[in-house]
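Data block below; observations after.
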Amino acid sequence: QVQLVESGGGSVQAGGSLRLSCAASGSIFSINTMGWYRQAPGNQRALVATITSDGSTYYADSVKDRFAISRNNANNTIYLQMSSLKPEDTAIYYCSAQRIRTIANTYFDSWGQGTQVTVSS
């Protein structure tokens with residue numbers, strides 16, 4: 001059993017910053033890719049940023065140069081530093097872990113429960 005727990009969401013004014021954290025726990029041997037997705041009301045869930053176990057990153061165009069994803073492989077934790085926040089960044093942010101390899105040598109993907117980020121103008 002693997003759990004992803006997000007923290008760090010909240011409310012901020014436009015131009016402000018927030019830092020999200022996501023910790024994976026359980027019988028984990030390794031995790032290939034971890035990342036952040038977001039879903040605004042009425043919209044589909046969309047990719048924000050991902051980071052692989054070797055540190056390669058990918059960002060959606062809408063957040064490039066404003067958000068930074070980082071990772072600590074030792075404790076299976078990722079972070080999303082969000083700066084210059086805009087009202088359109090308002091959404092529920094979900095942590096994802098793809099291709100989790102367990103100690104039992106099984107593989108699966110997992111999602112966190114989500115954390116709300118609200119940016120007011």
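A quick note: this is a predicted structure, and the numbers were derived from the prediction, not measured.
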key: side chain to side chain donor-acceptor pair (under 3.5 Å) contacts touching residues 100-116 (sequence neighbours left out)   =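 Non-adjacent pairs meeting side chain to side chain donor-acceptor pair (under 3.5 Å): Arg101-Asn105, Thr102-Thr106, Gln116-Thr118.
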With [X] via side-chain contact (heavy atoms from CB on, under 4.5 Å) - residues at least two apart:
X: Ser7; result: Ser21
X: Ser70; result: Tyr79
X: Ser25; result: Gln3
X: Asp61; result: Lys64

query = What pair of heavy atoms forms the shortest contact from Arg66 to Ser84, and how long is it?
reply =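 It is NH1-O, 3.0 Å.
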Sequence neighbours left out, cut at 3.5 Å: what donor-acceptor pairs do the side chains of residues 26-36 make with other protein atoms?
none

key: Residues Leu20, Met82; criterion side chain to side chain contact (heavy atoms under 4.5 Å, CB included); working and verdict   = CA-CA 8 Å; Leu20 306 182; Met82 304 185 291; 3.7 Å; yes
key: Gln81 side-chain N/O to Phe67 backbone N/O, donor-acceptor pair under 3.5 Å   =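 A pair under 3.5 Å: no.
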message = I want to check something: taking the side chain as every heavy atom from C-beta on, are Tyr58 and Ile69 in contact at a cut-off of under 4.5 Å?
response =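 Result no, sub-4.5 Å side-chain heavy-atom pair not found.
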inquiry  = Using 0.5 Å steps for rounding, measure from the OG atom of Ser53 to the CZ atom of Arg71.
reply    =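 Ser53 atom OG to Arg71 atom CZ measures 5.5 Å (nearest 0.5 Å).
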ask   = Mind checking what makes side chain to side chain donor-acceptor pair (under 3.5 Å) contact with Asn72, not counting sequence neighbours?
value =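 Residues passing side chain to side chain donor-acceptor pair (under 3.5 Å) with Asn72: none at all.
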Anything under 3.5 Å between a donor and an acceptor, one on a side chain of residues 90-99, the other on a protein residue two or more places apart or in another chain? List them.
residue	atom	partner	partner atom	Å
Thr90	OG1	Pro87	O	2.9
Thr90	OG1	Val119	N	2.9
Thr90	OG1	Val119	O	3.3
Tyr93	OH	Arg38	NH1	2.9
Tyr93	OH	Asp89	O	2.6
Gln98	NE2	Tyr37	OH	3.3

Compile the donor-acceptor pairs under 3.5 Å between side chains in residues 42-52 and protein atoms, sequence neighbours left out, one pair per line.
residue	atom	partner	partner atom	Å
Thr52	OG1	Asp54	OD1	2.3
Thr52	OG1	Ser56	N	3.1

